[in-house]
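The structure appears below as C-alpha cells.
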Amino acid sequence: MADSGHNDNIYHAEYSNYSTSNKEETLEQLNDSYRGLVAGQDNLVCNLANASSLLWYAYKNLGINVNWAGFYITKKDNDQKLILGPFQGKVACQEIQFGSGVCGTAALNQQTEVVSDVSKFPGHIPCDGETKSEIVVPIILNNKTVALIDIDCLDYDAFGDVDRRYLEELASLIVETCKF
Ligand code: SME
C-alpha cells in the first residue's frame with residue numbers, strides 16, 4: 001500500500017495501520033508511509049503532524065508503551081532554542097534551550113541520544129514524570145539542527161540501535177521533503 005507512493009484510492013488513515021509486528025519491518029513501513037504521504041507536499045507542520053501519527057501508531061503496534069512522540073523545531077528568531085512542534089501524547093514543555101535536557105543535548109551535539117533511564121540523564125526535563133526512557137534524533141540541514149524527533153516511553157530501555165537507524169533515516173527524509 002504505502003510503499004508505492006501516494007495512492008488516492010486509499011483512506012489516509014490507513015497509513016496509520018501496520019501490517020507486521022516485527023520492529024524493523026514496522027519502522028521500515030513507517031518510513032515508506034512517510035514517503036508516500038509527503039509526495040507533493042513540503043509544508044513542515046503538515047508533514048510533521050502526519051509523521052507524529054505514524055510514529056505513535058508504529059510503537060503502539062509494537063506493544064511499546066510510548067507516551068509521547070513528536071517534534072521540536074528550532075526557533076526562527078533564536079537558533080539556540082527549540083519550540084514545541086506537532087506531536088501525539090500529553091501536553092509538553094514549549095521551549096527548550098540548546099544544551100538543556102535530552103532534547104537540547106541532541107540538538108547541540110547533533111547526535112542521537114538513546115536514554116535507557118531518564119532519571120540518570122543529567123538535566124533531563126521531565127515533561128511527564130511517568131517517562132522512563134527516551135530517544136531523541138536531531139534533524140540536520142546545512143550543518144544546523146533545524147528540528148528533532150523525540151519519543152518517550154513508560155518503560156525503561158525501550159529504544160536501541162534499530163530505532164536509532166530507522167529514526168535517523170526518517171530525520172533525513174524530513175530534511176529532504178520539508179521546507180524549513
Ligand atoms: N524530556 C525531554 C523534554 C521533552 S519531553 O520529553 C516531550 C528532555 O529532557 O529534553
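Start at 1 and go down the list; that is how both ligands and their atoms are numbered. Hydrogens, waters and symmetry mates are skipped; everything else that's a heavy atom, side chains included, is used.
Of the protein's non-hydrogen atoms, the one nearest atom 6 (O) of ligand 1 is D152 OD2, 2.7 Å.
Ligand 1 has an N or O atom lying under 3.5 Å from an N or O atom of H124, backbone or side chain. Here's the thing with I125: one of its N/O atoms is less than 3.5 angstrom from an N/O atom of ligand 1. The distance criterion of under 3.5 Å between nitrogen or oxygen atoms is met by E134 with respect to ligand 1.
Looking at C103 against ligand 1, both its backbone and its side chain come within 4.0 Å, counting heavy atoms. For V102, heavy-atom contacts with ligand 1 shorter than 4.0 Å involve the backbone as well as the side chain. In V118, neither the side chain nor the backbone holds a heavy atom less than 4.0 Å from any atom of ligand 1.
With respect to K132 and D157, no salt bridge is recorded, no charged nitrogen being found less than 4.0 Å from a carboxylate O. A salt bridge is defined here as a Lys NZ or Arg NE, NH1 or NH2 lying under 4.0 Å from an Asp or Glu carboxylate O, and R164 with E113 fails to meet this definition.
Looking at S21, its side chain never comes within 3.5 Å of a backbone N or O of L62 through a donor-acceptor pair.
The closest approach between F87 and ligand 1 stays at or above 4.0 Å for every heavy atom of the residue.
For ligand 1, the atoms lying closer than 4.0 Å to a non-hydrogen atom of G101 are 9 (O), 10 (O). Within ligand 1, the atoms closer than 4.0 Å to a non-hydrogen atom of Y72 are 4 (C), 7 (C), numbered from 1 in the order shown.
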